[in-house]
Amino acid sequence: MSGTPARTADAATAAEVVCLGESMVTFLPSQPGRLADVPSFGRGIGGAESNVACALAAAGHRAAWVSRVGADGFGDHLVEAIAGYGVDTSGVRRDPSRPTGIYFRTATDRATDVHEVAYYRAGSAASAMSPDNIPYATLPATRVLHLSGITAALSADCLALLHDLTAPRPGRPLISFDVNHRPGLWRDADASPEVLLDLARRSDLVFVGEDEAEEAWGMMGAAAIRAALPEPATLVVKRGAEGATVFSGTGDVSGTGGTPDAGDITTVPALRVDVVAPVGAGDAFAAGFLSATLRDLPVRDRVRHGHLMAAAVLTVPGDLTAPPARAHADSLAALDHEAWGRLRLGPGWTGDDQEVRTT
């Protein structure tokens, strides 16, 4: 099927997905409000790529996380916590001279004006990632390499690393790229649109939100985004409460430079979810879509598994949670259109009681 990664010769031991990017220790507020007013914070982990790796490992896939952390207690915590989800962290290197990044955030949705994030990641160990200290040849064998635009914003060396990893080469794994436009991370905000567009064009599977495409590129609607991004064999346009639209091409995804045709267009409505905390849904959606891609499921079901994985995170307070059991998720993804539209998921729906409501 188009967009399905080919297996490597040593598939029995290779990682199915390698996720590369910075993870940080996250300080989560004990109550809503401005950072200036929050009296205390709980410690967690945060990082788009490591979130995807943790969700995939929790869903039963062989996932690896590659990065750099400081030779400090925060680095210890990150590696131990991510490995605790079953992720292979053998590709994480310790930097004796640079610290592990940390950040503080408010409890509100990052899309709102009252959301605050205070990053302390400038000069972090991960910002020093480069083709010299993470060469392509040293990455674990894998079917999928998952990257995001966040890494490109961290430093010139990080951007050079992404250009190296997305370069066409024989035997390249399927490159999955989440645009993840974060304007506040870019020192040169004017450069970010062109950089992100270039990286997306060099990838095989691209995730992008309609809102961020409008903000970064001034593009309105899924069709306009596809017109600007004809190269990826699979383009997933996330449309918020409207669901997601997938453009599936039929070209070469081997990394040798083939360009797909316009392909098929599949639109899948979003689920109705009783949201507990509106964070982490984008990473969870990518993990669900990748999980179903690795299993060679139809495009509709890939999107539905993305929605289900996102719903699992949206109905808990943190960025990460155990996904629904595979059989349970498969049964929901297989519902007909009307039954899917009647689903309403709230806290506890992924547990043993499998509480799923319909309306």
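Count residues from 1 along the sequence. Keep in mind that what you see is a predicted model, and the values were worked out from it rather than measured.
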Approximate separation, where rounding is to 0.5 Å, of Glu16 CD and Leu56 CG | 8.5 Å

Hydrophobic cluster identity match, Leu271 and Val275, side-chain contacts under 4.5 Å | yes

Pair Ile102-Phe74, side chain to side chain contact (heavy atoms under 4.5 Å, CB included): steps then yes or no = CA-CA 8 Å; Ile102 64 173; Phe74 287 145; 3.7 Å; yes

Rounding to 0.5 Å, atoms CG (Leu335) and CG (Asp330) come to a distance of 11.0 Å

What about Leu205 and Met309, same hydrophobic cluster or not, with Ile/Leu/Val/Met/Phe/Trp/Tyr joined at side-chain heavy-atom distances under 4.5 Å?
-> no

Is it the case that one hydrophobic cluster holds both Ile45 and Phe41, taking links as side-chain heavy atoms less than 4.5 Å apart, direct or via other members?
-> yes

Any ion pair linking Asp296 and Arg302 (charged N to carboxylate O, less than 4.0 Å)?
-> yes

Under the side chain to side chain contact (heavy atoms under 4.5 Å, CB included) rule, what do Asp76 and Arg94 come out as? Steps first, then yes or no, please.
-> CA-CA 9 Å; Asp76 293 341; Arg94 310 303 288 262; 2.6 Å; yes

For the residue pair Asp178 and Lys238, establish whether any side-chain heavy-atom pair is separated by less than 4.5 Å.
-> yes

Distance, nearest 0.5 Å, that separates CG of Leu343 from CD of Glu338 = 12.5 Å

Could you give me the CA-CA distance, side-chain angles and deciding distance for Leu139 and Val66, then say whether side chain to side chain contact (heavy atoms under 4.5 Å, CB included) is met?
-> CA-CA 8 Å; Leu139 293 181; Val66 173; 4.1 Å; yes

With rounding to the nearest 0.5 Å, note down the distance linking NE2 in His61 to CG in Leu290.
-> 8.5 Å

Given a cutoff of under 4.5 Å between side-chain heavy atoms of I, L, V, M, F, W and Y, with clusters grown through shared members, what are the other residues clustered with Leu28?
-> none

So which heavy atom on Pro324 is nearest to which on His328, and how close?
-> CB-CD2, 4.2 Å

Test item: Trp340 and His307 side chains (from C-beta on) under 4.5 Å apart, heavy atoms = yes

Carefully, step by step, assess Asp264 and Thr266 under the rule side-chain hydrogen bond (donor to acceptor under 3.5 Å, both in side chains).
-> CA-CA 7 Å; Asp264 298 326; Thr266 305; over 6 Å; no

Identify every side-chain donor-acceptor pair in residues 149-159 under 3.5 Å, counting partners at least two apart or on other chains, and give the distances.
residue	atom	partner	partner atom	Å
Thr151	OG1	Glu49	OE2	3.4
Ser155	OG	Ser127	O	2.6
Ser155	OG	Asp157	N	3.4
Ser155	OG	Cys158	N	3.0

Distance-only, no hydrogens or angles: does the Arg304 side chain make a donor-acceptor pair with backbone N or O of Ala333 under 3.5 Å?
-> yes

Scan residues 185-220 for pairs that pass ring pair (Phe, Tyr, Trp, His ring centres under 6.0 Å), counting only residues two or more places apart or in two chains.
-> Phe207-Phe289

Parallel, tilted or perpendicular: which fits the ring planes of Phe104 and Phe27, with parallel below 30° and perpendicular above 60°?
-> parallel

Donor-acceptor contact below 3.5 Å, side chain Trp65 vs main chain Gly21 | yes

Look at the side chain of Ser176 and the backbone N and O of Leu145, then say whether any donor-acceptor pair between them is shorter than 3.5 Å.
-> no

Can you check whether Gly288's main-chain N or O pairs, donor with acceptor, with Ser291's side chain at less than 3.5 Å?
-> no

Go through the side-chain N and O atoms of Ser97 and Asp95 and say whether any donor and acceptor fall under 3.5 Å apart.
-> yes

If we only count heavy atoms from C-beta on, is the Val237 to Glu242 side-chain gap below 4.5 Å?
-> no

Is Asp204 close to Pro232 at the side-chain level, that is, under 4.5 Å between some pair of heavy atoms?
-> no

Is it true that a side-chain atom of Asp198 and a backbone atom of Val195 form a donor plus acceptor pair closer than 3.5 Å?
-> no

Would you give the length of the straight line joining atom CG of Asp274 to atom CG of Leu345, rounded to the nearest 0.5 angstrom?
-> 8.5 Å

Counting N and O atoms only, with roles assigned by atom type, does the side chain of Arg105 sit under 3.5 Å from a partner on the main chain of Leu35, one being a donor and the other an acceptor?
-> no

So do the side chains of Ser30 and Val38 get within less than 4.5 Å of each other, counting heavy atoms only?
-> yes

Do Trp349 and Leu320 belong to the same hydrophobic cluster, where Ile, Leu, Val, Met, Phe, Trp and Tyr are linked whenever their side-chain heavy atoms lie under 4.5 Å apart, directly or via other members?
-> no

Indicate yes or no for a side-chain donor-acceptor contact from Thr142 to the backbone of Ala15 under 3.5 Å, with no hydrogens or angles considered.
-> yes

Val17 side chain near Cys19 side chain, heavy-atom distance below 4.5 Å | yes

Taking everything shown except Arg326 itself, do over 12 heavy atoms lie less than 6.0 Å from its CZ?
-> yes

Got a donor-acceptor contact below 3.5 angstrom from the Arg62 side chain to the Val87 backbone?
-> no

Hey, does the Lys NZ or Arg CZ of Arg169 hover above the aromatic six-ring of Tyr136, less than 6.0 Å from the centre and inside 45° of the axis?
-> yes

Going by an N to O cut-off under 4.0 Å, is there a salt bridge joining Glu116 and Arg34?
-> no

So among Arg226, Glu210, Arg239, which one has a side-chain hydrogen bond (donor to acceptor under 3.5 Å, both in side chains) with Thr245?
-> Arg239

Asn51 side, atom CG; Ser23 side, atom OG - distance, nearest 0.5 Å | 7.0 Å

Which atom names give the shortest non-hydrogen contact between Pro317 and Ala277, and what distance separates them?
-> O-CB, 3.3 Å

Report yes if some heavy atom in the side chain of Leu197 is under 4.5 Å from a heavy atom in the side chain of Met219; otherwise report no.
-> yes

Is the shortest heavy-atom distance from the side chain of Val25 to the side chain of His77 under 4.5 Å?
-> yes

Honestly curious: do Leu199 and Leu165 fall in one hydrophobic cluster under the side-chain, below-4.5 Å linking rule?
-> yes

Do you know which of Ile134, Thr166, Asp132, Asn133 makes side-chain contact (heavy atoms from CB on, under 4.5 Å) with Leu161?
-> Ile134

Counting N and O atoms only, with roles assigned by atom type, does the side chain of Arg300 sit under 3.5 Å from a partner on the main chain of Leu297, one being a donor and the other an acceptor?
-> no

Do the side chain of Arg202 and the main chain of His163 share a donor and acceptor less than 3.5 angstrom apart?
-> yes

Which of these, Arg68, Arg98, Arg121, sits in a salt bridge (Lys or Arg N to Asp or Glu O under 4.0 Å) with Glu22?
-> Arg121

Applying side chain to side chain contact (heavy atoms under 4.5 Å, CB included), run through Thr26 and Asp319 and close with a yes or a no.
-> CA-CA 10 Å; Thr26 311; Asp319 293 17; 5.5 Å; no

